Amino acid sequence: MSDIQAQFSVLKQTADPKVVDAIAQLIAQGQDRDLNRINVLDFADRTGLDQEKVISGFLHASRLGLFDMSWNVLCPGCGGVLGAHATLKSLKHEDYNCALCAAGYEASVDEMVEVAFTVSPRVRRIGAHDPDTLPIWEYVRQMFWSSGVDINDETFARLINEVTLEALELPAGEKAILSLTLPSQFIIVFEPVTHSAHFLDVRGEPTSERQQLSIMFNRLEAPTGTTVMRPGPLRLTLENQSGGRVLPSVWIAADALHEMIGKRKPILTAKRMLSNQTFRDVFKADNLNVDQRLKITSLTFLFTDLKGSTALYERVGDLSAFDLVRAHFRALLEIIAAEKGAVVKTIGDAVMATFVRPEHAITAGLRMRAAMDELNRQRGANDLILKIGIHEGPCLAVTLNERQDYFGQTVNIAARVQSLSTAQEIHITGPVADAPAVAELLERRAIKPIQKQAALRGIADKMVVYEIP
């Protein structure tokens, strides 16, 4: 048995066998481009497999060395990859600039960072492992644009035939002179390797006199510039001083280009990955650096705590109470993982968990409450009373006590809301209750939240909260 086959055998012990078979088939039969920056959500949809099982499968496969995982910072405008990082630690929180869109962005892990998977070169070597050997259009398709841009052969043919006036490969140290006829449209001279762009604002009366423009490519942070020109002939000089090859092309920034880059498909975001239990379990070492802070504009936090656990230990004895608390933890952790959440930490008898969407947290909370009822029914007692609080909002992903954690007022409020519960009720905040999917979920289950004002410790103003009785 080869090493690769042995790894797949090991993989089937930790991942869903159907997912493993689909991954093996992809590696054996997929085109090169199919194995570079794999969009696992798209892969799950195409194969008809469960997304969570697919994510878990690729994470375990990466742990075994079958894939390399990358954290790619994306431009929200064009979907281009502004920075590709091998680990979470490499992500910066400073601004990233997109030359094509002439805009700067502060990296947010909500939608701006995708997590993608590329087959390891020791499993199968593909063109993307040597990007300097990729033909120009494969480089643009595989290396510049993210897995979230929905490019197929038909739309890519439009880029080449309708959008592109000229495209070439320019080796290091060489110069090229292009003769073009400029239409009365906005033109972009774009270079994906150095990620630089120059805009031509072509307007006014046509001219028969040849216009001149020179553009130089280097490895510096290239500023985006605009030159006003008239429709007519242009002598465009391109010089490569980057030290490697460049791939400049001249595009018409019209409907066909905007239409192509506007077609998007869902991606596995860094936010979703950070709230994935398999990732937190398997990649514990891939924490943020101590000084690293990544902004998340919206994340849902769920806090739980056992009411009267001290009295429980006193009443039933340490050993019985310990077994009860362990059973309670097992039930909660299984529910959190099943509802697309992840446990951040446990503190005593309390749990802190995150969810990408508030409706997943609500579903988890309702299931937790039912699980405690079932545990109590089995014992013929009501010793396990779970307090639950849920809040959604912005936060920072940070490292605390050598663990990937979260910081901010949203976390504080979620913890305080949990403390409002006195029995089995769940308390949620306005942002959670106002989410359309949450309102639909509660209506479907005939649950009517009770609105009330609450003073939360450490929070200056009273807050509107909702009790799910």
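Numbers for residues simply follow the sequence, beginning at 1. Since this is a predicted model, take the numbers as computed values, not measurements.
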Taking [X] for the side chain and [Y] for the main chain, is one N or O donor matched with an acceptor at less than 3.5 Å?
X	Y	answer
Asp405	Thr399	no
Asp68	Ser120	no
Asp373	Ala370	no
Ser275	Arg272	no
Arg141	Ile136	no
Arg264	Gly148	no
Thr363	Glu359	yes
Glu114	Thr269	no
Glu191	Thr194	yes
Thr164	Leu159	yes

Candidate pair Ser421 and Gln418, rule side-chain hydrogen bond (donor to acceptor under 3.5 Å, both in side chains), full reasoning: CA-CA 6 Å; Ser421 299; Gln418 172 269 123; over 6 Å; no

Residue that, paired with His195, satisfies ring-ring contact (aromatic ring centres under 6.0 Å, His included) out of Phe217, Tyr96, Phe144: Phe144

Are [X] and [Y] within salt-bridge range, i.e. N to O under 4.0 Å?
X	Y	result
Asp130	Arg125	yes
Glu154	Arg158	no
Asp42	Arg46	yes

[atom1] of [X] to [atom2] of [Y]: how many Å apart, nearest 0.5 Å?
X	Y	atom1	atom2	result
Asp349	Thr304	CG	OG1	9.0 Å
Gln424	Arg369	CD	CZ	7.0 Å
Arg245	Tyr139	CZ	OH	7.5 Å
Ile447	Glu443	CD1	CD	11.5 Å
Gln451	Tyr466	CD	OH	4.0 Å
Phe279	Met69	CZ	CE	5.5 Å

Worked verdict on Leu386 versus Leu306 for side-chain contact (heavy atoms from CB on, under 4.5 Å): CA-CA 5 Å; Leu386 192 66; Leu306 277 179; 4.1 Å; yes

Exceeds 12 heavy-atom contacts within 6.0 angstrom, atom [atom1] of [X]:
X	atom1	answer
Asp434	CG	yes
Lys448	NZ	no
Arg357	CZ	no
Glu440	CD	no
Glu425	CD	yes

Apply side-chain contact (heavy atoms from CB on, under 4.5 Å) to the pair Ile55 and Glu52, showing each step before the final yes or no. CA-CA 5 Å; Ile55 294 170; Glu52 294 303 311; 4.2 Å; yes

What's the verdict on side-chain contact (heavy atoms from CB on, under 4.5 Å) for Ile38 and Thr118, showing C-alpha distance, side-chain angles and the deciding distance? CA-CA 6 Å; Ile38 299 165; Thr118 298; over 6 Å; no

Just wondering, do [Y] and [X] contact through their side chains at under 4.5 Å, heavy atoms?
X	Y	value
Val119	His129	yes
Ile468	Ile362	yes
Leu100	Ile188	yes

Considering non-hydrogen atoms only, spot the tightest contact between [X] and [Y] and give its length.
X	Y	result
Asn39	Pro266	ND2-O, 2.9 Å
Gly57	Ala15	CA-CB, 3.8 Å
Ile335	Ala371	CD1-CB, 3.9 Å
Asp110	Ile296	OD1-CA, 3.1 Å
Gln453	Val464	NE2-CG2, 3.5 Å
Val417	Ile390	CG1-N, 4.2 Å

Could you go through Glu392 and Thr410, starting from their C-alpha distance and side-chain angles, then the distance that decides it, and tell me whether this counts as side-chain hydrogen bond (donor to acceptor under 3.5 Å, both in side chains)? CA-CA 7 Å; Glu392 180 205 20; Thr410 297; over 6 Å; no

List the steps and the verdict of side-chain hydrogen bond (donor to acceptor under 3.5 Å, both in side chains) for Asp281 and Gln277. CA-CA 6 Å; Asp281 291 342; Gln277 193 63 55; 3.1 Å; yes

Classify the ring geometry between Phe186 and Phe199 as parallel (under 30°), tilted (30 to 60°) or perpendicular (over 60°). tilted

Can you list the steps and then say if Arg124 with Asp32 is a salt bridge (Lys or Arg N to Asp or Glu O under 4.0 Å)? CA-CA 9 Å; Arg124 175 176 157 183; Asp32 274 17; 3.1 Å; yes

Let me see the working for Arg330 and Glu334 under salt bridge (Lys or Arg N to Asp or Glu O under 4.0 Å), right down to the final yes or no. CA-CA 6 Å; Arg330 276 197 304 272; Glu334 286 175 7; 5.8 Å; no

Side chain to side chain contact (heavy atoms under 4.5 Å, CB included) with Phe303: of Val411, Ile413, Val351, only one passes, and it is Val411

Can Ser90 and His85 be counted as having a side-chain donor-acceptor contact under 3.5 angstrom? no

Applying side-chain hydrogen bond (donor to acceptor under 3.5 Å, both in side chains) to His427 and Lys452, what does each step give before you reach the verdict? CA-CA 10 Å; His427 279 89; Lys452 55 188 181 182; 2.9 Å; yes

Is it true that Phe43 and Phe58 have ring centroids separated by less than 6.0 Å? yes

Would Trp145 and Phe190 count as a close aromatic pair, with their ring centres under 6.0 Å? no

Are Arg37 and Phe117 in a cation-pi contact, defined as NZ or CZ under 6.0 Å from the six-membered ring centre and within 45° of the axis? no

CA sep, side-chain torsions, deciding dist, call: Arg122, Asp3, salt bridge (Lys or Arg N to Asp or Glu O under 4.0 Å): CA-CA 10 Å; Arg122 69 179 189 80; Asp3 289 344; 5.9 Å; no

From CA spacing to verdict: side-chain contact (heavy atoms from CB on, under 4.5 Å), Phe355, Leu299: CA-CA 6 Å; Phe355 297 82; Leu299 193 63; over 6 Å; no

